[in-house]
Asks: 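Let me begin by handing over the structure; questions about it come next.
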Amino acid sequence: MRVLHVAAELFPLIKTGGLADVAGALPGALAQAGADVRVMLPGYPAILDSVLHQRRLLEIGPLFGAARVTLRRGQLPYSHLPAYVIDAPYLYRRPGGPYQAGDGSEWSDNLQRFALLGWMAAHVAAGELDPEWTPQVLHAHDWHAAMACAYMAAHPGTGAASVFTVHNLAYQGLFPHHEFAQLGLPVRFMQSHGLEYHGQLSFMKAGLKYANRITTVSPTYAHEITTHEYGCGLDGVIRSRGGDLSGILNGVDGRVWDPAHDTALASRYSADNLAGKALCKAALQRELGLAEDARAPLFGVVSRLTAQKGLDLVLAALPALLRLGGQVALQGSGDPVLEAAFHAAAFSHPGQVAVRIGYDENLAHRLIAGADVILVPSRFEPCGLTQLYGLRYGTLPLVRRVGGLADTVVDAAEPALAEGRATGFVFEAASPAALEGALQRVLQAWARPADWLRLVRTAMAQDFSWAGAAAKYLALYAGLVEAR
Ligand code: ADP
Ligand code: GLC
């Protein structure tokens, strides 16, 4: 099975969130399962600097405002998978993030930048750019890669099938409608049954309308996005795809997230030898200036600071959490209002609340290992990876029952508790009162060390490997290829 994965970020080369973790792990898991997998990435400096053995395949242009576009083929470091890199200096070679400049503003030419990504991928799928290799399936991730599905639909001769994965419906890639002419698509793609979305152009809709199959990253989110509450205005479009949509849960990359081999930690540990976890907690408390107290339950947060993540609930429940004797360690960045509020909380409660604003992969590992509980109170969560990392590290997730969080954490209530299936704490309403109720249950369990230990061991025994997800994607690809 030949599959081309198209994504705008890929761990460890460039990452803003869980999408990079998935793009960094799923292609390798598919290759392990026997598929012939390649990836295609925009040539940001971080990609051009890290992809190995690059050679030029061809040069084209002008395209989407770039005078010259060079398609290179190389090899990803670590996984050694073949990678196509689009070198378009005018569009991609600049300092800053993949979607935004250093000051947080969206790049003004994102329409051109991600139309080019989709266009190149579709033309590889059509066999027009690399005579040596043509995929049977093009798998596009999120709105940044979604235009590949529209360009494939515009080339009905393309033999490949398309799969579009929604990682987050809230980010849609909306652009002014008058820019349609720049996309080089037939006029029918401009209409409301095409890319038009309330007078704008939606790249997300390109995936939702034109992909042969749509997946999202958990079964519960696959259902939720067909509803008005979670559909971000696209639920009607999604419902119209009927059975073409399914949910496949993300996995954990055990090469990156494994407490027994994690070199970022003060001490390594496993379910059979948890002494190292206690050392990680003490080291984290020291590092962050928290009171070095093994008996205080330490609540960790590693997150983008956006409305999605429900961290306003943590701020509202903070007085109760501290009254109960808890500590909080937060690492994140994003919304300046949330950043300032957490800074203020740390300032008011030295020794009990520690906040690190910024992005630091190693600190994320130390924090997830050193905390007792990982807090993920999201308002919506397509899958969520930090609660999976928490499970793996014996750091019990406290989550809201939504999206992938609902699919991955078993609440510590009867009968799951007695049956030894419980792995964390789950609350329902997105309200401070509901979170406070869950915090009280955490403290009750914390007061019973034998029960806590059992929860930790059950959590660490969960298997969210990528191999299982890869098998499901392969079955989906096989069905599509067979049907063509
Ligand atoms: P999302 O993709 O919505 O941000 P996920 O839970 O799927 O949420 O993935 C988040 C990923 O980003 C995880 O790998 C998490 O450890 C990482 N992450 C988030 N914020 C930070 C940060 N400030 N520093 C380091 N890693 C972070
Ligand atoms: C998105 C979602 C997150 C998911 C990640 C990877 O960023 O917000 O829930 O885990 O994609 O699929």
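No hydrogens, no waters, no symmetry mates; every other heavy atom, side chains included, goes into these values. Read the numbers this way: they start at 1 and go in the same order the structure lists the ligands and their atoms.
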Asks: Using side-chain hydrogen bond (donor to acceptor under 3.5 Å, both in side chains), reason through R93 and Y44 one step at a time and then give a plain yes or no.
Replies: CA-CA 5 Å; R93 269 204 228 177; Y44 320 117; over 6 Å; no

Asks: Enumerate the pairs of nitrogen or oxygen atoms, one from ligand 1 and one from the protein, separated by less than 3.5 angstrom; state names and distance to 0.1 Å.
Replies:
| unit_1 | atom_1 | unit_2 | atom_2 | d |
| --- | --- | --- | --- | --- |
| ligand 1 | 2 (O) | G18 | N | 2.6 |
| ligand 1 | 3 (O) | R304 | NH2 | 2.8 |
| ligand 1 | 3 (O) | K309 | NZ | 2.8 |
| ligand 1 | 4 (O) | R304 | NE | 2.7 |
| ligand 1 | 6 (O) | L385 | N | 2.8 |
| ligand 1 | 6 (O) | T386 | N | 3.4 |
| ligand 1 | 7 (O) | L385 | N | 3.4 |
| ligand 1 | 8 (O) | K309 | NZ | 3.1 |
| ligand 1 | 9 (O) | G18 | N | 3.2 |
| ligand 1 | 14 (O) | K15 | NZ | 2.7 |
| ligand 1 | 14 (O) | D21 | OD2 | 2.6 |
| ligand 1 | 23 (N) | G358 | O | 2.8 |
| ligand 1 | 24 (N) | Q331 | NE2 | 3.1 |
| ligand 1 | 24 (N) | D360 | N | 3.2 |
| ligand 1 | 26 (N) | Y359 | OH | 3.4 |

Asks: Is there a donor in the side chain of Q308 and an acceptor in the side chain of N168, or the other way round, less than 3.5 Å apart?
Replies: yes

Asks: What residues sit with at least one heavy atom under 4.0 Å from ligand 2?
Replies: G18, L19, V22, H167, N168, V217, N250, R304, Q308, E381, P382, C383, G384, L385

Asks: With respect to F203, which candidate in F175, F114, Y210 satisfies the ring pair (Phe, Tyr, Trp, His ring centres under 6.0 Å) definition?
Replies: F175

Asks: In terms of ring plane angle, is the pair W143 and Y99 parallel, tilted or perpendicular, where the classes change at 30° and 60°?
Replies: tilted

Asks: Think R94 forms a cation-pi with W107, using NZ or CZ under 6.0 Å from the six-ring centre and within 45 degrees of its axis?
Replies: yes

Asks: Test your reading of the model: is there a side-chain donor-acceptor pair from K281 to the backbone of A294, 3.5 Å cut-off?
Replies: yes

Asks: Check the side chains of T227 and D235 for a donor-acceptor pair under 3.5 angstrom, ignoring hydrogens and angles.
Replies: no

Asks: Before giving the answer on side-chain hydrogen bond (donor to acceptor under 3.5 Å, both in side chains), spell out for Q285 and E292 the whole-Å C-alpha distance, their side-chain angles and the decisive distance to 0.1 Å.
Replies: CA-CA 6 Å; Q285 286 172 322; E292 216 180 302; over 6 Å; no

Asks: Answer whether the closest heavy-atom distance between the side chains of W446 and L455 falls below 4.5 Å.
Replies: no

